[in-house]
Amino acid sequence: MFASSMSNATDMVIHDVTAALDLDGVSVAVDVGGSTGALVQELLKKSQGLTGVVLEMPHVVDSAVEAASKAGVLDRFSAVSGDFFKEVPAADLYLLKMIIHDWNDAECLTILRNCRASAKPGARAAVFDCVVGKTGEPNYGALLDMNMLVGSDGQERDFDEFDALYAKSGWRRVATKPTRSPQVIQVLEAI
Ligand SMILES: C[S@@+](CC[C@H](N)C(=O)[O-])C[C@H]1O[C@@H](n2cnc3c(N)ncnc32)[C@H](O)[C@@H]1O
């Protein structure tokens, strides 16, 4: 049920994301904690030369394979059972949708550093999360921040907090794109 709810949340941003992400030069995209893989599977439909991977917990991988089959992209898709705190498969593009906000700073650094450690030359990462702080707009992120405080070890972050994590883990934010949902797309380059 949780995986289905995450796929539904992904549906809200799928068009903004596929329009915003530049897939030029990307051969392998890894959806880190990608649930059943809705995001990377949409990118696979868009780019015929792309190979997509979901890194997930063991109990999720069968559902991800089933979803890829339904989406007609199974021939270029694999689901890896693993732990993003230990290792992340190599990629040109890492997708981290609603992952960073689940964890405290030390845990986020481990995830981001594991992506950096396996990054192919010229790799990018795309972080999808709410951004709190002085956005000048009404922001659902503040409510989600309280939710994370109660239900997890995570939090929503402002841009300074995100950038501090990126700098400490070998990434640099190079672009920021809004979506029609509360989530913002942040594109990172490996440095
Ligand atoms: C908030 S959900 C986001 C799912 C997906 N990225 C999306 O936005 O629809 C977090 C995901 O991280 C996965 N996850 C949690 N701990 C993990 C770990 N140590 N290694 C790999 N995946 C993990 C969960 O199974 C869950 O699917």
Side-chain angles (χ1 to χ4, degrees), residues 1-18 20-21 28-45 52-68 70-71 73 77-91 93-118 124-132 140-141 143-157 162 165 169 177-188:
M1 285 179 73
F2 182 75
S4 298
S5 76
M6 292 313 304
S7 293
N8 290 343
T10 298
D11 285 345
M12 289 197 295
V13 292
I14 207 80
H15 295 297
D16 294 321
V17 170
T18 51
L21 282 184
V28 182
V30 173
D31 203 343
V32 180
S35 189
T36 55
L39 182 54
V40 75
Q41 287 155 16
E42 191 65 24
L43 295 182
L44 288 173
K45 286 188 210 163
V53 179
V54 158
L55 171 66
E56 257 297 348
M57 298 176 81
H59 66 278
V60 185
V61 292
D62 286 350
S63 312
V65 169
E66 197 181 315
K70 275 189 193 149
V73 295
F77 175 84
S78 58
V80 173
S81 170
D83 179 356
F84 51 45
F85 290 113
K86 293 191 174 142
E87 195 177 6
V88 174
L93 177 64
Y94 297 90
L95 305 165
L96 296 121
K97 183 174 165 296
M98 300 192 87
I99 297 299
I100 297 302
H101 85 152
D102 286 339
W103 305 100
N104 67 32
D105 283 4
E107 291 162 333
C108 290
L109 284 175
T110 302
I111 297 168
L112 289 165
R113 282 176 179 146
N114 285 343
C115 294
R116 183 69 190 86
S118 69
R124 284 177 285 138
V127 169
F128 309 87
D129 262 319
C130 294
V131 177
V132 291
Y140 172 77
L143 179 60
L144 201 52
D145 195 29
M146 294 302 290
N147 195 29
M148 302 314 288
L149 177 68
V150 172
S152 78
D153 205 14
Q155 65 174 99
E156 305 308 311
R157 292 179 172 84
F162 276 113
L165 290 177
S169 55
K177 298 169 186 179
T179 68
R180 278 166 284 182
S181 87
Q183 292 160 316
V184 169
I185 303 168
Q186 303 177 57
V187 180
L188 317 181

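For ligands, and for the atoms within them, numbers begin at 1 and follow the listed sequence.
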### Query
What do the steps show when you test H15 against R180 for side-chain contact (heavy atoms from CB on, under 4.5 Å), and what is the final call?
CA-CA 9 Å; H15 295 297; R180 278 166 284 182; 4.0 Å; yes
### Query
Who pairs with N147 by side chain to side chain contact (heavy atoms under 4.5 Å, CB included), at least two apart in sequence or on another chain?
L144
Contacts table for ligand 1: protein N or O within a distance under 3.5 Å of ligand N or O, distances only.
residue  : atom   : partner : partner atom : Å
ligand 1 : 6 (N)  : G33     : O            : 2.9
ligand 1 : 6 (N)  : K97     : O            : 2.7
ligand 1 : 8 (O)  : K97     : O            : 3.1
ligand 1 : 8 (O)  : K97     : NZ           : 2.8
ligand 1 : 9 (O)  : M6      : O            : 3.4
ligand 1 : 9 (O)  : T10     : OG1          : 3.1
ligand 1 : 19 (N) : D83     : OD1          : 2.8
ligand 1 : 20 (N) : F84     : N            : 3.0
ligand 1 : 25 (O) : E56     : OE1          : 2.8
ligand 1 : 25 (O) : E56     : OE2          : 3.4
ligand 1 : 27 (O) : E56     : OE2          : 2.5

### With sequence neighbours excluded, residues passing side chain to side chain contact (heavy atoms under 4.5 Å, CB included) with S169
L109, L112, R113, W171
### Message
With a 3.5 Å distance limit and no angle check, can you tell me whether Q41 reaches the backbone of T36 through a side-chain donor-acceptor pair?
### Response
yes
### Task
Run the numbers on I185 and T179 for side-chain contact (heavy atoms from CB on, under 4.5 Å), then give the verdict.
CA-CA 7 Å; I185 303 168; T179 68; 3.5 Å; yes
### Message
Going by side chain to side chain contact (heavy atoms under 4.5 Å, CB included), name the residues that satisfy it together with N104, two or more places apart in sequence or in a different chain.
### Response
A106, E107, D153
